[in-house]
Amino acid sequence: MQEFLYMGGYYPFVWPAYGLVLLVLIGTPVAARRRERRILRRLASQEPRGKTSA
Amino acid sequence: MWLWFHRLASPKHFYRVAERLNPWLGSATLVVLIVGLYWGLVIAPPDYEQGDSYRIIFVHVPAAWMSLFVYAVMAGAGAVTLVWRLKVAEAVMRAAAPLGAWFTFLALVTGSLWGKPMWGTYWVWDARLTSELILLFLYLGFIALQSAMEDRRTAARAGAVLALVGVVNIPIIHYSVEWWATLHQGPTVTKLDAPSISLTMLAPLLVMALGFLLHFATTGLIRARCELLEGEARSGWVRELARRRRT
């Protein structure tokens, strides 16, 4: 395990690279999902109450 | 088949298809990326010259490929926007831009993290690195343009023009390593007849590339849905969606 984390001495370069990539790969879909939910919530609050169909 | 394509041009239908695809694309992305990460970080052997530092290419190269691919998607959608004025194409274009910018950013940063131990420097102003940096500026310019203009549809058309003009940068990036003397190595994988990379390293690289591609498809479609909801906020199907959400 320790050897794995040490990355042959290149840990100061390998781990920041992978860390940053994971951060972006996880962050972008999460942000997109939140944005969609936020938009739908805003649109729902603009609809007149009590109606279920147009 | 043709009919199916035609229906995809309708925002309502596109939204529904994107929504249905989402769980499949999302889980495929997760599985492929986990396999790729394990393969690249644990199973693949260290390089005889670069040791373990080369493992950065398993994220660097897919990010760099995606930075170009996403731009091609954006410019293609831009062309459709200008010619047919399809709202779906506008949504795809705007959905792609920030993701392309992120991939470009990742390609630049991971590349420089590999460059420091291998070249002895984080950055050189050579052809490949500089043209990739210009790609980042093109993405950022497109994003800025979208938020600078009041009318969404005018902004989309202006953005489409910018995206198409910027296409000139794509072959420059690709051929930069052949046209100019540069620190960056030449193409290794796309020499299809004889890729100068061992299969034990090529396999995880391709798995990671597929994972990045799936990630873009997943996230891009969610973002395209957001764009369609915002652009079509007053249309019947969006209001129906919003109402159903409240009950």
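Letters A, B, ... mirror the listed sequences (proteins, then strands); counts begin at 1.
For the set A:A17, A:S45, A:G27, A:P12, the count of heavy-atom pairs under 4.5 angstrom toward chain B peaks at A:A17. Ranked by heavy-atom pairs under 4.5 Å with chain B, the first of A:V21, A:L22, A:V30 is A:V21. Contact count versus chain A (heavy atoms, under 4.5 Å) is highest, among B:H215, B:H60, B:Q50, for B:H215.
Around CH2 of B:W102, the count of heavy atoms belonging to other residues, nucleotides or ligands within 6.0 Å does not exceed 12. Atom CH2 of B:W39 sits in a sparse spot, with 12 or fewer heavy atoms from other residues, nucleotides or ligands closer than 6.0 Å. Heavy atoms from other residues, nucleotides or ligands lying under 6.0 Å from CD of A:Q46 number more than 12. By the neighbour-count criterion of 12 heavy atoms within 6.0 Å, atom CZ of A:R42 is densely surrounded, having more than that number from other residues, nucleotides or ligands.
The contact between A:I39 and chain B is made entirely by side chain atoms (from C-beta outward), counting heavy-atom distances below 4.5 Å. If you measure heavy-atom distances from B:M118 to chain A, the contacts under 4.5 Å come from the side chain alone. The parts of A:R37 that come within reach of chain B are both its backbone and its side chain, each placing non-hydrogen atoms under 4.5 angstrom from that chain. Residue A:F13 touches chain B through both its backbone and its side chain, counting heavy-atom pairs closer than 4.5 Å. There is no contact between B:F216 and chain A, counting heavy-atom distances below 4.5 Å. Contacts of B:S53 with chain A are made by both backbone and side-chain atoms, with heavy-atom separations under 4.5 Å. In this structure, no portion of A:R38 lies under 4.5 Å from any heavy atom of chain B.
A 4.5 Å side-chain heavy-atom check between A:Y10 and B:L113 finds every atom pair outside the cut-off. Side-chain contact between A:F4 and B:L41 is present, with heavy atoms from C-beta onward closer than 4.5 Å. Counting heavy atoms from C-beta outward, A:L20 and B:T110 have side chains that stay 4.5 Å or more apart. Residues A:R35 and B:E227 meet the side-chain proximity criterion, which asks for heavy atoms closer than 4.5 Å.
Within residues 10-26 of chain B, the residues that have a heavy atom under 4.5 Å from a heavy atom of chain A are B:Y15, B:N22, listed by number.
A distance-only check finds a donor-acceptor pair linking the side chain of A:Y18 to the backbone of B:R55 [under 3.5 Å].
Taking both residues in full, the closest heavy atoms of A:A44 and B:A242 are given as CB-O, 3.4 Å, listed atom of the first, atom of the second, then distance. Minimum heavy-atom separation, A:A32 to B:C226: O-SG, 3.7 Å.
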Trace of the side-chain contact (heavy atoms from CB on, under 4.5 Å) decision for A:V14 with B:Y54: CA-CA 8 Å; A:V14 173; B:Y54 91 96; over 6 Å; no

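Expressed to the nearest 0.5 Å, how far CD of B:E240 lies from CG of A:L43 amounts to 13.0 Å. The CZ atom of B:R223 sits 9.0 Å away from atom OG1 of A:T28, with the distance rounded to the nearest 0.5 Å. To the nearest 0.5 Å, the span separating CG on A:L25 from CG on B:L106 amounts to 6.5 Å.
Residues passing the side chain to side chain donor-acceptor pair (under 3.5 Å) test with B:R239 are A:E47, sequence neighbours excluded.
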